[in-house]
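To keep things clear, I will list the structure first and then write my remarks on it.
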Amino acid sequence: MYTFSNKLKTFSIILMVLGAVGVGIGFMTSHKSFEEVEQLLAEESHHGGGHAEEASHDEASHGAHAAVDAHGDSHGESAHAEVDEHAKHIEHVQHQIANRPWSALYVAAFFFMMIALGVLAFYAIQIASQAGWSPVLFRVMEGITAYLLPGALIVLAIAVASGTIGHYNLFVWMDPEVVAHDKLIQGKSGWLNIGGFAFRGLIFIAGWSLYRHFSRKFSIAQDTAEDKSNFKKSFRISAAFLVFFIYTESMMSWDWIMSVDPHWFSTLFGWYVFASMFVSGITVIALISIYLKSKGVLEFVNENHLHDVAKFMFAFSIFWTYLWFSQFMLIWYSNIPEEVTYFVTRFQDYKLPFLGMVVMNFVFPILMLMNADYKRIPWFVVMAGLVILFGHYIDIFNMIMPATVGDRWFIGLPEISSVLLFAGLFIFVVFTALTKAPLLVKGYPFRKESEDFHY
């Protein structure tokens, strides 16, 4: 049995405390007054910064305001219109700044949740396909998936809270005033409403969690069983779960991510999010397995198992790139205004993270993991894995931030604190779950084949 070390437990708690404090500070400092935002834009214009165009618009509005006093009624109407436009712009930027801590919290929460969900899908595929190489890693996968239930509930809670107590910080379709003046969102209101959103989310989470609960139950029961009945039950529910997963993962992607841009949609989006969560989950399996083996508790895992996990990391990095390019190229080439605006925004305001994630998620894995020998070197896989995970965090960041904070983005205290908070919670839940059962599936039919696996 694995024992959760006091050092690692303390480390996870410290991460959670530091993260919670940083998140709190982020929320407290995000509410700026109208005058503060106005001054901020004026300073950006004065220094010729990235927001100079917006600020020059503000200066012009100030001039219009002066025109009201200087010329009276002759320019009154137009000047007042510009003053109103100026006020609306300040309020818009004020709202974007207030959105930032909500968005940073949501991105980090979703990122760690999707790791657990990706591992659950990978685990189900291994059982349904009756793979012979992977059973020695099953308990690691089961430990990681323990985070899915709390992690998914947190994501859903943040999303709903942002639209009820947070003044519609993430999803504009939750704002009745926006919907009242937007015919396109009105047309989607049958799907995009808070009640349906919350109900569907609970259905998704219930289905995923029930599969995790019963597959784990059958796995532990098989350790002491005298027949293969529990294995057969696991096989059947895994096959059924994969059908449920394919549908619910796509709908979850539409609801929890794509609907932050309710005017835009992509029929490829569910697969794109799946690729990101799948490769992230497999990467975490590799990292935790390497850590446990370094502590001497996974002696039955050898370099051949590591090689195969790293091979999946490499393969699904390529798969993610294929989907990223397919979605980007088709939309960019067709140049339909309501579709291409998604990428125009990201190229204008997010060029570094948008193109940087392609380097981290495609170029880097190609260079690091192409060679078969490198896949057997633990420190090499760890280095590649950390870059891949950061790249996919930036991927989720690019999906959420442009719609919620516009060009007011930065990797600062709210973002780092949110990652620390959920990283600490993830470590605590996962490693606590690993202590609940032996790390080797003793009664699994393919256990011997897995232990003797050589490539």
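Along the sequence shown, residues are numbered consecutively beginning with 1. Bear in mind that the values here come from a model prediction, so they are computed numbers and not experimental data.
- Proximity of the aromatic rings of Y123 and F138 is defined here by a centroid distance below 6.0 angstrom, and this criterion is met.
- Using cut-offs of 30° and 60° for the angle between ring planes, the F347 and W332 rings count as tilted.
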For residues 13-21, please give each side-chain donor-acceptor pair under 3.5 Å, one per line with the distance, not counting sequence neighbours.
none

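- Note: F312 and F316 have parallel aromatic rings, judged against thresholds of 30 and 60 degrees for the angle between ring planes.
- Atom CZ of F265 has 12 or fewer neighbouring heavy atoms from other residues, nucleotides or ligands inside a 6.0 Å radius.
- Scanning all heavy atoms of the two residues, the minimum distance from A159 to S162 falls at O-OG, 2.7 Å.
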Side-chain atoms of residues 277-289: list all donor-acceptor pairs with protein atoms under 3.5 Å, sequence neighbours left out, distances to 0.1 Å.
| residue | atom | partner | partner atom | Å |
| --- | --- | --- | --- | --- |
| S280 | OG | S276 | O | 2.8 |
| T283 | OG1 | V279 | O | 2.7 |
| S289 | OG | I285 | O | 2.7 |

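- Residue F390 places its CZ atom among 12 or fewer non-hydrogen atoms of other residues, nucleotides or ligands, all under 6.0 Å distant.
- Remark: W324 engages no residue in a side chain to side chain donor-acceptor pair (under 3.5 Å) (not counting sequence neighbours).
- Applying the side chain to side chain donor-acceptor pair (under 3.5 Å) rule to Y393 yields no partners; only residues at least two apart in sequence or on another chain are considered.
- The closest side-chain heavy-atom distance from L389 to F111 is below 4.5 Å.
- T248 and R200 share no side-chain donor-acceptor pair at under 3.5 Å.
- Relative orientation of the W409 and F397 rings is perpendicular, given thresholds of 30° and 60° on the angle between their planes.
- Every salt bridge (Lys or Arg N to Asp or Glu O under 4.0 Å) that D261 has, sequence neighbours left out, goes to R346.
- Looking only at atom types and distance, the side chain of N304 has no donor-acceptor partner in the side chain of H307 under 3.5 Å away.
- Between W102 and F27, the ring center distance clears the sub-6.0 Å criterion.
- Looking at heavy atoms from C-beta onward, M252 lies in side-chain contact with L117 at the 4.5 angstrom threshold.
- Ion pairing between E451 and K448 fails under the 4.0 Å rule for side-chain N and carboxylate O.
- In the model, W173 has a side-chain atom that pairs as donor or acceptor with a side-chain atom of S259 under 3.5 Å.
- A 4.5 Å side-chain heavy-atom check between Y211 and F245 finds every atom pair outside the cut-off.
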Side-chain donor-acceptor pairs of residues 420-442 under 3.5 Å, sequence neighbours excluded:
| residue | atom | partner | partner atom | Å |
| --- | --- | --- | --- | --- |
| T432 | OG1 | F428 | O | 2.6 |
| T435 | OG1 | T432 | O | 2.5 |

